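Small disclaimer: the values here were computed from a predicted structure and weren't measured.
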Amino acid sequence: MTGVGMLQRQKGVAIWRQIADRIRTNVSAGLYDQAGTLPSEMQLATEFGVNRHTVRAAIAALSDEGLLLVEKGKGTRIARKDRFDFPISPRTRFTAGLADQAQQFSGELLRECMEQADAEVATYLGLSVGADVCRLETRRSADGQAVGRAITWLPGQRFAGFAEAFRRKQSITKAFLDFGVTDYLRKSTEVSAVHADQEDLDILGLTPGAIMLVTRSLNTDLADQPIQYSITRFPADRVQFSIRF
């Protein structure tokens, strides 16, 4: 668990943010002791080759994020070690996938509009460029914790009014029922990883340097017609994926 060689001291991401990113990654990988106690500020300062004030800034950011809990006289411990295990399967469903891991689920509609499909959206949905599509921007939470945000596109002619159905039911799957879609299949899922952008920080309550797992997914109805293309961003320290067949 080394830190010095991984810090970039030229212009760019602040050193304390890089340290916060490394601590977050180490927590996710389970590299700290079983009691969940972080090494002391002095130990971390030595590990990363910085002063204690820099380490303190990183710990404060992760404390604000809810990952660490600073207790006077007791040091710093990991407040949250477990991640939600999100299954990707032929029938990927948010609520069903996390059903045995959380008690409460919510889906919040942040923005919605009708727009014209660009080349990427048109290709996934099998439409002509410029065709009407329904665009939804949503945030999903489990037990009060934001675990993902998504931009979703649906064929506009078939799903006009979908945003209102989602607003009422807080679920893509339940909203589909209003349009006669009782079942659907995951056609493809592409996964990548990036650093959080400003919208991730604002919408999901993250700190700079957080790592995001990004999925591009396509769902089809049982007649193999594309019905939903989504780009979803999950915080890597809150969600992990399991591929199931």
Side-chain angles (χ1 to χ4, degrees), residues 84 86-89 91-99 102 104-142 144-192 194 196-206 212-222 225-235 238-239 241:
F84 289 107
F86 186 70
I88 297 176
S89 68
R91 284 181 168 81
T92 298
R93 308 286 191 267
F94 176 80
T95 301
L98 301 183
Q104 296 181 332
F105 301 92
S106 65
E108 182 181 357
L109 182 61
L110 304 176
R111 289 182 287 270
E112 57 90 7
C113 68
M114 292 292 290
E115 64 181 24
Q116 294 182 324
D118 61 16
E120 178 181 338
V121 172
T123 297
Y124 273 93
L125 292 179
L127 303 172
S128 300
V129 173
D132 288 340
V133 289
C134 175
R135 171 181 169 135
L136 286 70
E137 297 184 35
T138 59
R139 171 172 54 198
R140 302 304 302 263
S141 300
Q145 177 175 256
V147 293
R149 71 181 187 93
I151 302 177
T152 295
W153 294 268
L154 308 101
Q157 184 174 358
R158 182 174 180 181
F159 296 104
F162 192 91
E164 180 55 35
F166 178 86
R167 184 180 285 110
R168 286 187 287 104
K169 299 187 175 182
Q170 300 185 16
S171 163
I172 292 288
T173 299
K174 292 179 180 178
F176 270 138
L177 294 175
D178 285 5
F179 296 84
V181 179
T182 58
D183 195 8
Y184 58 95
L185 300 173
R186 176 60 56 91
K187 184 76 170 180
S188 64
T189 302
E190 302 168 15
V191 182
S192 59
V194 299
D197 61 24
Q198 190 59 50
E199 283 196 280
D200 294 323
L201 306 186
D202 295 340
I203 294 173
L204 300 176
L206 306 176
M212 307 299 295
L213 300 176
V214 182
T215 64
R216 280 177 164 80
S217 58
L218 176 66
N219 288 327
T220 64
D221 63 18
L222 298 187
Q225 292 299 306
I227 59 173
Q228 178 191 3
Y229 169 52
S230 297
I231 300 176
T232 307
R233 301 170 70 90
F234 301 88
R238 300 178 186 177
V239 177
F241 297 146

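With rounding to the nearest 0.5 Å, the separation of CZ in F105 from OG in S171 is 11.0 Å. We find the CD-CG distance between E164 and L109 to be 9.0 Å, quoted to the nearest 0.5 Å. Annotation: the span from Q170 atom CD to S141 atom OG amounts to 9.5 Å, rounded to 0.5 Å. The distance from atom CG of L177 to atom CG of D183, rounded to the nearest 0.5 Å, is 10.0 Å.
Put simply, the side chain of I231 reaches to within 4.5 Å of the side chain of E120, judged on heavy atoms. Taking the side chain as every heavy atom from C-beta outward, E115 and V121 never approach each other to under 4.5 Å. Side-chain contact check for Y229 versus T123: every heavy-atom pair is 4.5 Å or farther apart. Taking 4.5 Å as the limit, every side-chain heavy atom of E112 sits out of range of all side-chain heavy atoms of F166. At least one side-chain heavy atom of L218 sits under 4.5 Å from a side-chain heavy atom of L125. A heavy-atom distance below 4.5 Å is not found between the side chains of S230 and R216. Taking 4.5 Å as the limit, some side-chain heavy atom of V194 sits within range of a side-chain heavy atom of R233.
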For Q228 and V181, what are the C-alpha separation, side-chain angles and deciding distance, and is it a side-chain contact (heavy atoms from CB on, under 4.5 Å)? CA-CA 12 Å; Q228 178 191 3; V181 179; over 6 Å; no
Would you check, one step at a time, whether the test side chain to side chain donor-acceptor pair (under 3.5 Å) holds for E108 with S106? CA-CA 7 Å; E108 182 181 357; S106 65; over 6 Å; no
Check the pair T182 / L222 against side-chain contact (heavy atoms from CB on, under 4.5 Å), numbers first and verdict last. CA-CA 9 Å; T182 58; L222 298 187; 5.7 Å; no
Please step through side-chain contact (heavy atoms from CB on, under 4.5 Å) for the pair T92 and T189, ending with a clear verdict. CA-CA 10 Å; T92 298; T189 302; 5.5 Å; no
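The two residues C134 and A163 come nearest to each other via the heavy atoms SG-N, 4.4 Å. Of all heavy-atom pairs between S128 and A117, the closest is O-CB, 4.3 Å. Taking all atoms of both residues into account, the shortest heavy-atom contact from S89 to R186 is O-CB, 3.3 Å. Closest approach of L201 to A196, counting heavy atoms only: CD2-CB, 3.8 Å.
Partner of R140 under the side chain to side chain contact (heavy atoms under 4.5 Å, CB included) criterion, chosen from T95, T232, L98: T95. For the side-chain hydrogen bond (donor to acceptor under 3.5 Å, both in side chains) with Y184, the qualifying choice from T220, D221, N219, T173 is T173, the only one to do so.
With D202 contributing its side chain and E199 its backbone, the two residues share no donor-acceptor pair below 3.5 Å. R139 places a side-chain N or O within donor-acceptor distance of the main-chain N or O of I203, the cut-off being under 3.5 Å. At least one donor-acceptor pair closer than 3.5 Å links the side chain of R238 to the backbone N or O of A146.
A salt bridge links D197 to R149: at least one charged side-chain nitrogen sits closer than 4.0 Å to a carboxylate oxygen.
In this structure, the side-chain contact (heavy atoms from CB on, under 4.5 Å) partners of I151, at least two apart in sequence or on a different chain, are R135, E137, W153. Under the ring-ring contact (aromatic ring centres under 6.0 Å, His included) criterion, F162 pairs with F159, F176, F179, not counting sequence neighbours.
No more than 12 heavy atoms of other residues, nucleotides or ligands sit less than 6.0 Å from atom NZ of K187.
You'll find the ring centres of F241 and F234 inside the 6.0 Å limit.
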